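Structure first, then comments.
This structure is a prediction, so every number in the text was calculated from the model and none was measured. Side chains are part of it too, since the values below use all heavy atoms of this structure and drop only hydrogens, waters and symmetry mates.
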Amino acid sequence: MRKRIFMIGLGLICLALTTAAQESKKTLTLHFVETTDVHGSFFPVDFYNNRPLSGSMARVSTYLSQLRQQYGDDAVITLENGDILQGQPICYYYNYVRTDTTNIAADIVNYLRYDAQCFGNHDVETGHAVYDKWIKEIKCPVIGANIIDNSTGKPYVKPYVILERKGVRVAVIGMLTPAIPLWLNESIWSGLHFEEIIASMRYWVKYVREHERPDIVCGLMHSGWTGGIKTDDYDEDASQKVAEQVEGIDLLFFGHDHNEHNSLTDNGTLSLDPSCNAKKVAHATITLERTANGFRIIDKRGELVDVCPLEIDLDFVSHFQEAIDDTHTYVNRCIGMLSSPLRSRDCYFGSSAFTDFVQNLQLQITGADISLAAPLAFDNTINAGEIYMRDMFKLYRFENRLYTMRMKGSEIKGHLEMSYNLWVNTMTSPDDHILLINNTIANDMQRFGFVNFTFNFDSAAGIDYEVDVTKPKGQKVHILRMSNGEPFDENKWYVVAMNSYRANGGGELLTQGAGIPRDSLAGRTLTMTPLDLRHYLTQEIERMETVDPKPNNNWRFVPEAWAEPALKRDRKILFKE
C-alpha cells in the first residue's frame, strides 16, 4: 500500500512538472530597449569640459550585456531613435574632420548590435554627405517611413524592419518629425520631403499588418509627445496623437522632446521616452501566449531605467580608445586667449558678454547692420586663459550656418517682441517674477525651468533698446536708436545676421513674430556660409589671438526699480546664486 501511495504521489509530481513545462512553453517574454537623443554621449567623458560624464553608451552597453546574458540574445530587441550624429564634440570630429574612417556613431551602433536605427532631425542637419555615409556604415537597417525620396516617391530608407525572435514576428516602423523644413535649408535635405506622421503611420501599420502578419507592431518615432510647432499640415510632436488615434500599434518608442514618458493609452498602446544623453533607457517587456494561430499579447510593461549607477563597460571603452584619444587631441588644441570668463547663465538677465561675443563676431564676419542671437547653452562657462577647441562647443552648441537677411525695422521689432514675450513675464507688481519660469519643469532638458525654449530667447546687437516688463504682449520692446547713433527707422530695410535655424523659420520668430510669410524667407536671404558658424567663430578667435569680451550694454530691462530686484530673485531660483 505504501509503495502504491508513493508511486501515485510520484506520478502527481511528474504530472505537475510536465504541466508546468507545458505552461512555460505556452508563453514567452520579449525585451525591447530604446535609446534616443544620445547626442554623442558615447563614452564616460565630457569632451566639452574634460571631466567624467554620468550618462553614456558605455553604461548602456553594460545594461544590454546584462539583459542578453539573463534572457538570451533571442529575447532582446534594441532600437536607436536618432539624434546620434550631433552633440558632444566627438560627433563633429567624425562628421566633418575624420571623414576618412567609419563615423563613430555607426561604430557605436554596430558594436552594441542594435536591430534598427531611426533618423533624428539633428542627423539630417549634418547634411547629405554625412548622413548618406552614415547610413551605408550602419549594419542594421536605418528606417524612416515618412522620409520620401522625390525621385521615386518611396521612402529614402527602409520604412520598417521585420525582426524574428523566438518565432515571434516584430514589425518596427520608423518615423521622423516632418518639421525639418522649418529649421534646415533645403540644400541639406535636397531631393527629399517629409510626410505628416499620423497619416503615414496609419498607412504603414495597416500595410505591415496585412502584408507581414506581425505578432507585434512597434513604432519608433523621432517626434515628441505633444506641443512643438503646429502648422495646418502637421504637428512637430505627434506621438500622443499617434498613440491615441492610430490603431494597431502595440508599442511606441519616441523621443525628440527630451522629456521622460511612460504611459499606456486606452487603446492599449504602451508609449515610452527615456529623455536624452544616454542617462536612461526605455525598457519594455511584452509577454505573449502561443495560440493555434500564432501569438497573442497577454501583458506589456514599460520602465525607464537609469543606467548612470551601472558600471562602465571597460571592454566597450577599450575598443574605442583610439577614437577617444584622437578626439581629446582635437578638442584640446589651443586656439587663443580669453581675458575674462564667459558664462551663458548671464544671458537671461540682460546684455551679456557671452551672447554679445557671438553677436559681435556675427556682425564682424558679415558686415550686417544688426545681429540676432540666443543662448544655445543653458549654463556653460568658458574660463579666462587659454581657449581650447572644446570651448567652442560650449560657446556655440549646434552646427548652424551664418546667414544674412533683409528685414524692415518693423519686422525686427516684431521679432524681438515675440522673443521677449517667450522670455519675460508681464509684471503687475514689484513682487512678480520677471522671467517666465516654472520650477516644476526644472528637469525638462530643453527648458531648464523656463516655460519656453531658451534657444528662442533672441536679443539684438547693433541697436539700442529697452524691454519694459510692465507692458503687455507686443508692447515691451522700445527701440531707441542704432548703436552707431543713427536713428532707427521701422520703415527702413536692414541687413540682419542670424543663424540658419532662425533664418529658415526655426522658433517661428520670423514668421509669427516678424510676420514674414514662410514662403518668403528664402527670398529674403542675402548670404549664407558654406560651413557652420562655429568654424568661422574659431577662425576669428585664431586671427584675434586674444579676446576680451564685454557686454555691449545696448539693451536693458525697465523699469529698473522693479527689474533689478526681480532679476536677482529669479536668478537665485534658477541658479541658486
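Here R113 pairs with D73 in a salt bridge; the nearest charged N to carboxylate O distance falls below 4.0 Å. A salt bridge links R296 to E289: one of the charged nitrogens lies within less than 4.0 Å of a carboxylate oxygen. Salt-bridge formation is not detected for the pair D215/R290: no Lys NZ or Arg NE/NH1/NH2 atom is positioned less than 4.0 Å from an Asp or Glu carboxylate oxygen. A salt bridge links E399 with R534: the closest approach of a Lys/Arg side-chain nitrogen to an acidic carboxylate oxygen falls below 4.0 angstrom. Ion pairing of D235 with K230 is present here, as a side-chain N (NZ or NE/NH1/NH2) and a carboxylate O approach within less than 4.0 Å.
Among residue pairs with one or both ends in residues 303-319, those qualifying as side-chain hydrogen bond (donor to acceptor under 3.5 Å, both in side chains) are S61-D313; sequence neighbours excluded. The ring-ring contact (aromatic ring centres under 6.0 Å, His included) pairs that include a residue from residues 268-291 are H31-H283, Y63-H283, where partners are two or more places apart or lie in different chains.
Residues D325 and Q321 have side chains that bring a donor and an acceptor to within less than 3.5 angstrom of each other. Residues N499 and R401 have side chains that never bring a donor and an acceptor to within less than 3.5 angstrom of each other. N293 and T291 are not linked by any side-chain donor-acceptor pair at a separation below 3.5 angstrom, with hydrogens and angles left out of the test. Between the side chains of N81 and E34, at least one donor N or O sits under 3.5 Å from an acceptor N or O. Remark: the Y114 side chain and the T35 side chain contain an N/O donor-acceptor pair separated by less than 3.5 Å. A donor-acceptor contact closer than 3.5 angstrom is absent between the side chains of T285 and T29. Using a 3.5 Å distance cut-off with no hydrogens or angles, the side chains of D107 and N110 do not pair a donor with an acceptor. Counting only N and O atoms by type, the side chains of T231 and D233 include no donor and acceptor under 3.5 Å apart. Remark: the H39 side chain and the Q88 side chain contain no N/O donor-acceptor pair separated by less than 3.5 Å. A donor atom on one side chain and an acceptor atom on the other are not found under 3.5 Å apart for T27 and T287. For the residue pair Y388/N50, the side-chain donor-acceptor check at 3.5 Å is not satisfied. When only modelled atom types and interatomic distance are considered, H256 and D37 share no side-chain donor-acceptor pair under 3.5 Å.
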- Message: Under the criterion side chain to side chain contact (heavy atoms under 4.5 Å, CB included), I'd like the reasoning laid out for L521 against L510: C-alpha separation, chi angles, the key distance, then a yes or no.
- Response: CA-CA 8 Å; L521 293 178; L510 286 178; 3.9 Å; yes
- Working for side chain to side chain contact (heavy atoms under 4.5 Å, CB included), residues R518 and E508: CA-CA 9 Å; R518 185 168 299 282; E508 301 181 284; 4.0 Å; yes
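Between the side chain of E164 and the backbone N or O of G167 there is no donor-acceptor pair closer than 3.5 Å. With hydrogens and angles disregarded, no donor-acceptor distance shorter than 3.5 Å links the side chain of S239 to the backbone of F254. With hydrogens and angles disregarded, a donor-acceptor distance shorter than 3.5 Å links the side chain of N95 to the backbone of L85. Side chain of R59 to main chain of S54: a donor-acceptor pair is present (N/O by atom type, distance under 3.5 Å, no hydrogens or angles). Here the side chain of T265 pairs a donor or acceptor atom with the backbone of T269 at under 3.5 angstrom. Using a distance-only test at 3.5 Å, with no hydrogens or angles considered, no donor-acceptor pair links the side chain of R165 to the main chain of L30. The main-chain N or O of L531 is never found under 3.5 Å from a side-chain atom of H535 such that the two would form a donor-acceptor pair. Although no hydrogens or angles enter the test, the distance criterion places a donor-acceptor pair under 3.5 Å between the side chain of K300 and the main chain of G268. Without hydrogens or angle criteria, D257 side chain to W225 main chain gives a donor-acceptor distance under 3.5 Å.
No more than 12 heavy atoms of other residues, nucleotides or ligands sit less than 6.0 Å from atom NZ of K158. The number of heavy atoms from other shown groups lying within 6.0 Å of NZ (K206) does not exceed 12. Shown here is Q66, whose CD atom has more than 12 heavy atoms of other residues, nucleotides or ligands within 6.0 Å. The neighbour count for E210 CD, taken as heavy atoms of other residues, nucleotides or ligands under 6.0 Å away, is above 12. Taking a 6.0 Å sphere around CG of D100, one finds it holds more than 12 heavy atoms contributed by other residues, nucleotides or ligands. Annotation for D266: atom CG does not count as buried by contact number, only 12 or fewer foreign heavy atoms lying within 6.0 Å.
The shortest distance between side-chain heavy atoms of Y131 and V124 falls below 4.5 Å. A heavy-atom distance below 4.5 Å is found between the side chains of S271 and H261. Under the 4.5 Å side-chain criterion, counting only non-hydrogen atoms from C-beta, I324 is in contact with V317. A 4.5 Å side-chain heavy-atom check between N121 and H222 finds at least one atom pair inside the cut-off. Between N456 and T454, every side-chain heavy-atom pair lies at or beyond the 4.5 Å cut-off. Contact of the N400 side chain with the E125 side chain is registered, since non-hydrogen atoms from C-beta on lie closer than 4.5 Å. For the pair P89 and Y48, the minimum side-chain heavy-atom distance is below 4.5 Å. For the pair F450/N452, no side-chain contact is recorded, criterion being any heavy-atom separation below 4.5 Å from C-beta on.
Scored by the side-chain hydrogen bond (donor to acceptor under 3.5 Å, both in side chains) test, D519 finds no partners at all (sequence neighbours excluded). The side chain to side chain contact (heavy atoms under 4.5 Å, CB included) search around T329 returns none, not counting sequence neighbours. Every residue meeting the salt bridge (charged side-chain N to carboxylate O under 4.0 Å, His left out) condition with R333, not counting sequence neighbours, appears here in chain and number order: E542.
Between F320 and F43, the ring centre distance stays below 6.0 Å. For H328 and F47, the ring centers are positioned less than 6.0 Å apart. Taking the six-membered ring for Trp and the full ring otherwise, F398 and H122 have centroids separated by under 6.0 Å. Ring to ring, F119 and W134 are close: their centroids are under 6.0 angstrom apart.
Below 30°, between 30° and 60°, or above 60°: for Y96 and Y92 the angle between ring planes is between 30° and 60°, a tilted geometry. Aromatic ring pairs are classed by plane angle as parallel below 30°, tilted from 30° to 60° and perpendicular above 60°; the pair Y160 and W204 is tilted.
A pairwise comparison of heavy atoms in N146 and M175 identifies OD1-CA, 3.5 Å as the closest pair. Considering all non-hydrogen atoms of both residues, E540 and L361 come closest at CB-CD2, 3.8 Å. Of all heavy-atom pairs between A58 and I312, the closest is CB-CG2, 3.8 Å. What you find for P155 and A145 is that their closest heavy atoms are CG-O, 3.6 Å. In terms of heavy atoms, A278 sits closest to S41 at CB-O, 3.8 Å. Closest non-hydrogen pair, E260 versus S275, comes out as CG-CB, 3.7 Å.
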Please report, to 0.1 Å, the donor-acceptor pairs under 3.5 Å made by any side chain of residues 242-249, with sequence neighbours excluded.
unit_1, atom_1, unit_2, atom_2, d
E244, OE2, Q240, NE2, 3.1

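Tested against I143, the residues V172, L176, I173, L79 include a single side-chain contact (heavy atoms from CB on, under 4.5 Å) partner, V172.
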